[in-house]
Each structure stands twice: as structure tokens, then as C-alpha cells.
There are 2 protein chains.
Amino acid sequence: MTKTIADIAKIAGVAKSTVSRYLNGGSVSDATKKKIELVINETGYIPNTFAQSLKAKKTNIIGTIVPRLDSYAASNTLIGIDEHLRDQGFQMLIANTNQDLEREIESIYSFERQKIAGIILLATVITEAHLEALASVQIPVILVGQQDEHTYSLIHDDFSAGYDLATYILNKGHRKIAYLGVTEADISVGVKRKTGFTTAIENYPECEVHYYESGFKIKDAMGVALKILSECKPTILFCATDNIALGALKAAYIKGLKVPEDISIVGFGGYEITEVIHPALTTAKFYYKEAGQLAAQNIVRLVNGEKVEKLTISKYEIIERESVDKLN
Amino acid sequence: MTKTIADIAKIAGVAKSTVSRYLNGGSVSDATKKKIELVINETGYIPNTFAQSLKAKKTNIIGTIVPRLDSYAASNTLIGIDEHLRDQGFQMLIANTNQDLEREIESIYSFERQKIAGIILLATVITEAHLEALASVQIPVILVGQQDEHTYSLIHDDFSAGYDLATYILNKGHRKIAYLGVTEADISVGVKRKTGFTTAIENYPECEVHYYESGFKIKDAMGVALKILSECKPTILFCATDNIALGALKAAYIKGLKVPEDISIVGFGGYEITEVIHPALTTAKFYYKEAGQLAAQNIVRLVNGEKVEKLTISKYEIIERESVDKLN
DNA sequence: CTCCCTTTAGGAACCGGTTCCAAATTTACT
DNA sequence: AGTAAATTTGGAACCGGTTCCTAAAGGGAG
């Protein structure tokens with residue numbers, strides 16, 4: 001039988017309020033402090049979280065909505081969030097939506113019902129329903145990965161990364177390029193990375209670029225890459241994510257093409273695996289863990305009523321490895 | 001301003017208890033049902049979870065303690081757990097311990113304090129402190145990945161997987177083997193897989209086996225594998241996890257060895273990436289997602305007071321791919 | 001039209017904390 | 001020692017639901 005604060009009070013011979021004050025650092029004399037401490041240690045009393053939250057009308061829980069658990073980006077962002085929240089005395093509650101947009105919306109409302117202090121939404125696309133939910137909810141929200149003017153957002157610098165990586169391969173002499181992108185519903189990955197790429201390309205009018213669209217899964221990308229390699233002969237496959245690049249790598253292998261001698265490949269993300277495969281992948285690395293920490297930092301500030309920039313941009317870095325050939 | 005049940009009652013012109021009964025399916029006349037429904041729809045009233053849990057003295061939340069988020073095994077197990085819990089109307093609360101055993105213990109107590117209905121512990125090692133915590137806690141617990149006689153456990157069939165995979169490579173003619181294992185503190189991965197392996201090896205007394213120990217990280221494994229390849233010349237690197245195999249693959253590449261022509265490699269896990277790299281890795285695949293579902297199923301049964309087997313064993317499969325050479 | 005039984009509705013107590021307020025005690029100072 | 005001020009303590013109300021108990025209303029049978 002777990003004890004309540006009333007039990008403790010009775011055993012210690014004091015009032016409930018005194019025990020509560022003892023626990024929350026109010027004014028209690030040393031003598032009674034001793035008495036209460038003794039009883040609490042003996043009984044192993046633990047306050048009931050619900051009763052506390054009921055009175056406080058809020059929790060110290062930050063809800064994180066994540067489209068999928070099995071992705072490098074998501075995992076590492078979560079790790080960063082968790083790390084910082086723990087430091088700040090908050091708890092992280094994860095809602096996995098399994099890429100179901102409707103569940104994303106549901107989760108927002110469910111968090112509200114549970115009096116969650118704040119929400120971090122690892123977003124892929126922002127629909128009308130999202131905006132409606134975010135507007136109606138009375139708790140602070142931060143978007144990670146996508147930007148929206150109506151909310152606080154933390155994004156990776158997709159445009160610049162796209163621009164820089166394109167410039168890098170252009171400097172390596174590549175002019176015949178296949179761009180393997182994703183749906184434009186995903187503003188960050190589908191639009192911004194591509195815009196960064198095309199903006200860099202514009203400086204080299206002699207370029208021949210073919211655009212393709214793939215899903216996010218390695219196997220989808222492999223299928224598309226296989227088709228590309230049959231149709232035309234680019235010197236490089238410019239892939240919008242590392243997973244797509246992994247699929248492209250596999251496709252090249254299947255076609256008997258050597259990377260980077262026969263064809264070069266680049267990706268975006270900086271997943272751990274890209275470093276240890278052969279050939280190691282040249283990629284634009286994003287700092288997911290740090291981004292998660294930043295997001296957590298911002299949400300804590302918002303919860304505490306402090307001011308936060310509407311838009312935070314997380315850094316990236318071009319990691320030069322083995323998958324890009326220098327053309328003469 | 002969010003409304004309370006008392007507000008709804010007042011607006012609808014009924015008593016709190018009537019509204020509560022309406023919400024929880026008690027006897028309410030059609031006329032008052034209509035009235036209350038109307039008010040609730042208009043106000044967008046949502047019951048306060050804390051007040052509910054306070055009275056009910058329990059939650060419908062299952063706590064899952066996970067050593068790390070960025071692992072294929074952990075992610076997929078979580079996905080399986082989440083899927084089944086959602087079906088059953090439970091919520092999953094994840095506690096990430098970042099491989100800190102102390103935090104694992106803390107999390108158990110923290111879950112108890114929060115009146116979590118049940119705990120799923122994705123375990124790596126079970127210490128005295130674990131047993132003590134598990135014994136003291138009044139809520140059902142299921143261990144996943146490790147076995148302990150004092151609790152309910154769900155494990156992968158590591159012994160048989162080790163035995164079968166060893167038998168497989170033995171049949172392929174390999175006799176000079178380097179075994180790349182992990183710490184024996186991890187009973188499942190460090191001991192059982194290895195025991196399965198050695199048991200199979202005993203049938204072939206002419207074998208020459210060298211045992212090595214690595215960490216779980218790809219880079220650690222790469223370092224150890226590099227050392228092995230300098231020291232001796234096995235025909236196969238038998239790795240206790242896919243990540244270790246990935247490190248071994250990289251080491252082989254660095255050494256200029258072709259896989260599988262110059263050296264064969266196998267692992268355990270069945271991570272998605274092992275299928276798309278070149279060469280694709282032969283491995284003992286575990287069904288993490290299904291294991292998670294099983295674990296969730298069992299914890300729900302325990303929470304409902306139903307009977308559950310002390311030990312559940314999840315299946316595995318040997319996936320034959322390209323990384324093992326057949327020796328004549 | 002009663003009488004009795006079944007529904008429906010309201011009131012109060014309760015879950016386990018926190019907080020406000022007033023009373024009691026201690027401390028400090030003249 | 002006496003009084004004002006500061007500190008400590010207890011009691012009661014409150015947070016927002018659920019549930020028990022009782023009273024009132026509705027319905028059916030005689």
C-alpha cells in the first residue's frame with residue numbers, strides 16, 4: 001500500500017500542509033524537518049504525480065511528435081532533445097505517428113488533453129489541418145525540419161547545403177548531372193535542397209541536368225537509379241538524401257559501374273553508415289543531435305515564457321569522402 | 001480558458017455527476033444527452049487527464065526503457081511495441097537511458113512514481129540493482145533481449161541463431177575462423193550467440209578458431225578487425241552483430257581484401273542496411289518489430305491480470321546473401 | 001388511479017496533493 | 001518583562017474529475 005501525504009503527516013504528527021511545505025522548500029523548523037525526513041525515509045513515500053499536476057495545471061513533459069523512429073535523422077534529433085530536456089528537468093514523451101499525417105494531428109490534440117507543457121513536431125509536411133491544430137492549441141509548439149511563418153521553427157539550412165554541395169561537384173568538373181529528388185510536398189528536402197542545387201547550376205549554363213523523383217526508401221531510390229542509369233549516362237547522381245544515395249550506390253553496383261570511377265554519387269544527411277561503407281559517401285552532413293538540443297532549448301524557453309526567435313537555423317557541413325571523382 | 005466538467009454542467013443545466021455519467025456511458029436520458037452533447041461540442045471540452053488518473057489511481061501508459069534510440073534493433077522493437085499498444089488503447093512512454101545503467105534503474109522508479117501501468121525494459125545487462133528495483137516495484141515488468149528467472153522475459157533465440165549460422169559457414173567449408181564477439185556481461189549477445197557458435201564448432205574438431213572482443217560500435221569493430229587481419233589470416237570473420245560486421249567489412253576494404261573472395265564475413269541482426277551494401281551481408285535476421293509486438297502483447301496481458309509465460313522466444317532466420325564464399 | 005419498480009438526476013464525498021490565511025510560537029529589541 | 005515582528009504550524013479550500021447514495025421522475029401492471 002503506497003502512502004499518501006496525509007499518512008506521512010499523521011505518522012510524523014504534523015499537518016499535511018507542513019509535509020507539503022517540507023517537500024517544496026517552504027519554511028519548516030529544523031526539528032519538524034527531522035521528524036518528517038525520518039518518516040519519509042522509512043516509508044519510502046513518493047508524492048503522487050497526478051495530484052501534483054492537477055493542482056499545478058501543467059506538467060513538466062514536452063511532447064515530441066515524430067513521423068518514424070527508424071531513421072537516422074529522427075533518432076539523433078530525439079537524442080539531442082532528450083539530452084537537453086533532461087538537463088532542464090523536463091521529460092520527453094514521444095508520439096510515433098508512423099508517417100500518418102492524421103495521427104500527427106491527433107497527437108497534437110492528445111498532448112493538449114494531457115496538459116503537456118510544450119510540443120516539438122518533427123515535421124515532414126505542413127497541411128491546413130496542421131495549422132488549424134497548432135492555432136487552436138494553447139501550448140507552445142516548435143517545428144523541426146520544416147518552416148512555417150505561423151509558428152516557431154527550427155530548420156536545417158537546406159538551401160545553402162544544396163548550393164554548396166552543387167558548387168562542390170561543379171568544381172570537380174561534373175556537368176552532366178542526374179538530380180534524384182523527392183516530392184515537393186516536403187518543402188525542406190523536396191524544394192529547398194533542389195533550389196539550392198539549381199541556383200548553383202545556373203552559374204554553369206553548359207550543364208546538362210535531368211531531374212527525377214524518388215521515394216525516401218533505399219529500395220525506391222534503387223529502382224529509380226536503375227532506370228536512370230539505363231536511360232542516360234550522367235557523370236554524377238546528385239541525391240537529395242543519403243538513403244537515396246545508398247540506393248543509387250546499390251544500383252550502380254548492380255549495373256556493374258564503379259563508384260566513383262564510372263559514376264559519382266553524393267547525398268545529404270551525414271548518416272553514420274555513409275562513413276563506413278565502401279566507397280565512403282561524400283555528403284552534406286546535418287547536425288541532427290545539435291538541432292534537437294536547439295529545439296529543446298527553444299521549447300523550454302517558450303514554456304518559461306521567454307522570448308525565442310521565430311526561426312532558428314541549424315548548421316551543416318560538406319563532408320568530402322570517396323564517392324566523387326574529379327574530372328579532368 | 002479551458003472548461004471544466006463543472007462549467008459544462010452549469011451551462012447544460014445539469015449536475016457534474018450527470019456529465020460524468022454521460023462521458024463514461026452511465027444512464028442518462030436522451031433529452032439530457034442531447035443537451036450535454038451540444039454544450040460539449042460547442043465548448044470543445046476535454047476532460048483533464050490528471051483528475052481522471054488521480055481518481056482511477058492508474059494510467060493507461062506503458063513505460064519503455066531503452067538504452068539507445070539510434071540502433072536498428074531498438075527502433076524497430078519500439079515500433080512494434082507502439083503499434084500493438086496503440087491497438088490496445090495504451091500509450092507508450094519512452095525513457096532513453098543513453099546506455100547508462102544507473103539511469104535505467106532511475107527510470108524504473110520514476111515510472112512507478114508516475115503510476116505507469118507496466119514497464120518494458122529493453123535490457124542489455126541485468127545487475128543486482130536491476131533485480132532489486134524490479135522486485136520492489138509493484139508494477140508488471142517485461143524484459144526484452146535478456147532473460148532473468150525472476151521476471152517475465154522475451155528473448156531472441158540467440159543460441160540457435162549462433163548454432164545455425166555457424167553450421168551454415170561450416171558447410172561452406174570454412175575452418176579457419178575469427179570470432180568477433182562482445183562483452184560477456186551481455187548474456188544474450190556476448191554469451192548465448194557465442195555458445196551456439198562454439199557448440200556447432202565442436203562437431204568439427206579440425207577447426208582453428210580465434211576469439212576476439214569488440215565494442216558495439218562500427219568503428220570499434222573496425223579497429224579490432226584491422227588488428228585481426230594483420231595478425232592472422234582466417235577465411236571468415238564471424239561477427240556477433242551486424243554493426244561489427246560492417247566494421248569488419250570496412251577493415252577488409254582498408255586492407256585491400258575483397259569480400260567474399262579473399263575473406264568472408266557474417267553478422268547477426270538483419271539490419272536494413274546490410275541488404276543494400278555491396279557485398280550484401282549474410283546474417284541471422286531477428287524480427288525486432290514482431291518481438292516488440294509480442295512484448296507489448298504480454299505486458300498488456302499482465303496489466304490486465306492475465307496469465308503470461310515467463311519466457312517468450314522470438315524467431316530468427318538465416319539470410320543468405322553475398323558475403324560468404326564457398327570454399328572447395 | 002394507485003402502487004411498485006426501474007431510470008434518471010443531483011449532492012456530497014473522495015482521490016492526493018498545494019496554497020492561502022489565520023493562529024500559535026519563537027525571536028528580537030527596547 | 002513586554003511588545004512588535006518574524007517564523008512556524010494547522011486548518012480549510014481548492015484542483016477537476018468519478019462514484020456512491022438517495023431522491024425524484026417515469027413507466028407498467030393491476
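Just so it is clear: chains get the letters A, B, ... in the order the sequence lines come, proteins before strands, and each one is counted from 1.
- Contact annotation: the side chain of A:Tyr22 approaches that of A:Ile40 to within less than 4.5 Å [non-hydrogen atoms, C-beta and beyond].
- Annotation for B:Glu102: atom CD does not count as buried by contact number, only 12 or fewer foreign heavy atoms lying within 6.0 Å.
- We find that NZ of B:Lys55 is positioned 15 Å from C1' of C:dG17, with the value rounded to whole Å.
- Put simply, B:Asn24 has a side-chain N or O that comes within less than 4.0 Å of OP1 or OP2 on D:dT18.
- Residues A:His84 and A:Phe90 place their aromatic rings such that the two centres sit no closer than 6.0 Å.
- Two residues are said to be in side-chain contact when any heavy atoms from C-beta on lie closer than 4.5 Å; A:Ile116 and A:Ile62 fail this criterion.
- Enclosure of atom CD in A:Glu132 is not indicated, since only 12 or fewer non-hydrogen atoms of other residues, nucleotides or ligands lie within 6.0 angstrom.
- Here the C1' atom of nucleotide C:dG11 and the NZ atom of B:Lys10 are 16 Å apart, to the nearest Å.
- For the 3.5 Å distance criterion, the side chains of A:Asn76 and A:Glu272 fail to qualify, holding no donor opposite an acceptor.
- A cation-pi geometry, defined here as NZ or CZ lying under 6.0 Å from the six-membered ring centre and within 45° of its normal, holds between A:Lys310 and A:Tyr152.
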Pairwise N/O distances under 3.5 Å, protein to nucleotides 7-10 of chain C:
from: C:dA9; atom 1: OP1; to: B:Ser29; atom 2: OG; distance (Å): 2.7
from: C:dA9; atom 1: OP1; to: B:Thr32; atom 2: OG1; distance (Å): 2.8
from: C:dA9; atom 1: OP2; to: B:Ser29; atom 2: N; distance (Å): 3.0
from: C:dA9; atom 1: OP2; to: B:Thr32; atom 2: OG1; distance (Å): 3.1
from: C:dA9; atom 1: N7; to: B:Arg21; atom 2: NH1; distance (Å): 3.3
from: C:dG10; atom 1: OP2; to: B:Ala15; atom 2: N; distance (Å): 2.9
from: C:dG10; atom 1: OP2; to: B:Thr18; atom 2: OG1; distance (Å): 3.0
from: C:dG10; atom 1: N7; to: B:Ser17; atom 2: OG; distance (Å): 3.2
from: C:dG10; atom 1: N7; to: B:Arg21; atom 2: NH2; distance (Å): 3.0
from: C:dG10; atom 1: O6; to: B:Arg21; atom 2: NH2; distance (Å): 3.4

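- A donor-acceptor contact under 3.5 Å is not formed by the side chain of B:Lys57 with the base of C:dC15.
- Across the helix from C:dC1-D:dG30 to C:dT30-D:dA1, the helix axis at one end is tilted relative to the axis at the other end by 40° (nearest 10 degrees, each axis from five pairs).
- Less than 6.0 angstrom separates the ring centroid of A:His156 from the ring centroid of A:Tyr288.
- Donor-acceptor pairing under 3.5 Å, judged by distance alone, is absent between the side chain of A:Lys16 and the base of D:dG10.
- Heavy atoms of B:Tyr45 sit under 4.0 angstrom from primed sugar atoms or phosphate atoms, though from no base atom.
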